[in-house]
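Written out below as structure tokens is the structure these notes cover.
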Amino acid sequence: MVKLQRLGIVISNKMQKSVVVAVEYRYKHQFYSKIIVRTKRYLAHDADNTCNIGDQVLLQESRPLSKKKTLGS
């Protein structure tokens, strides 16, 4: 089974072993033909606390690590 992967930017690393990652989605509006940008925030697991704000990370789907974390960087 293929695991879901997303590319995002770390926007917060204040928690221990966790980071907040923002992933941008761009799509074209069907009627107005404008490009719309949506941002979704994910909590990701960072076991070594190596990620800093502004880092680009690849998130990969995994088993549930906590109530809100199902992705690991």
Side-chain angles (χ1 to χ4, degrees):
M1 184 169 161
V2 178
K3 295 197 177 202
L4 179 69
Q5 291 185 343
R6 307 240 162 128
L7 190 63
I9 297 175
V10 176
I11 57 174
S12 175
N13 62 351
K14 294 180 182 179
M15 297 172 278
Q16 294 179 6
K17 297 187 178 184
S18 299
V19 291
V20 179
V21 180
V23 177
E24 280 190 355
Y25 299 96
R26 294 173 183 263
Y27 63 95
K28 191 173 184 178
H29 193 278
Q30 291 179 349
F31 184 75
Y32 296 113
S33 299
K34 282 185 75 167
I35 302 297
I36 298 174
V37 179
R38 297 277 184 197
T39 304
K40 177 116 171 112
R41 294 168 49 151
Y42 293 101
L43 284 178
H45 188 65
D46 180 22
D48 302 328
N49 290 326
T50 55
C51 295
N52 294 315
I53 296 174
D55 288 352
Q56 200 170 31
V57 293
L58 182 67
L59 301 177
Q60 185 174 13
E61 185 178 27
S62 66
R63 64 180 177 82
L65 300 171
S66 72
K67 182 178 179 181
K68 297 181 180 178
K69 291 193 294 185
T70 58
L71 298 171
S73 62

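We count residues from 1, following the sequence as given. Below, all heavy atoms of this structure are taken into account, side chains as well, without hydrogens, waters or symmetry copies.
Proximity of Val20 to Met15: side-chain heavy atoms (C-beta onward) are separated by under 4.5 Å at one or more points.
Going from atom NZ of Lys17 over to atom SG of Cys51 covers 14.0 Å, rounded to the nearest 0.5 Å. Rounding to the nearest 0.5 angstrom, the gap separating the NE2 atom in His45 from the CG atom in Leu65 is 6.0 Å. Rounding to the nearest 0.5 Å gives a distance of 11.5 Å between NZ of Lys28 and CD1 of Ile36. Taken from CG in Asn52 to CG in Asp46, the straight-line distance is 9.0 Å, to the nearest 0.5 Å.
Within the 3.5 Å criterion, the main-chain N or O of Val19 finds no donor-acceptor partner in the side chain of Asn13.
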Hey, can you pull the donor-acceptor pairs under 3.5 Å for the side chains in residues 3-10, sequence neighbours left out?
{"residue": "Arg6", "atom": "NH1", "partner": "Tyr25", "partner atom": "OH", "Å": "2.3"}
{"residue": "Arg6", "atom": "NH1", "partner": "Tyr42", "partner atom": "OH", "Å": "2.5"}

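Hydrophobic clustering of Ile, Leu, Val, Met, Phe, Trp and Tyr side chains at less than 4.5 Å, counting indirect connections, unites Val57 with Val23.
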### Task
Start with the C-alpha distance between Ser18 and Lys69, add both sets of side-chain angles, then the distance that settles side chain to side chain donor-acceptor pair (under 3.5 Å), and finish with yes or no.
CA-CA 9 Å; Ser18 299; Lys69 291 193 294 185; 2.8 Å; yes
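Minimum heavy-atom separation, Pro64 to Thr70: CA-CG2, 4.0 Å.
In the hydrophobic clustering, Phe31 connects to Tyr32, either directly or through intervening members, whenever side-chain heavy atoms lie under 4.5 Å apart.
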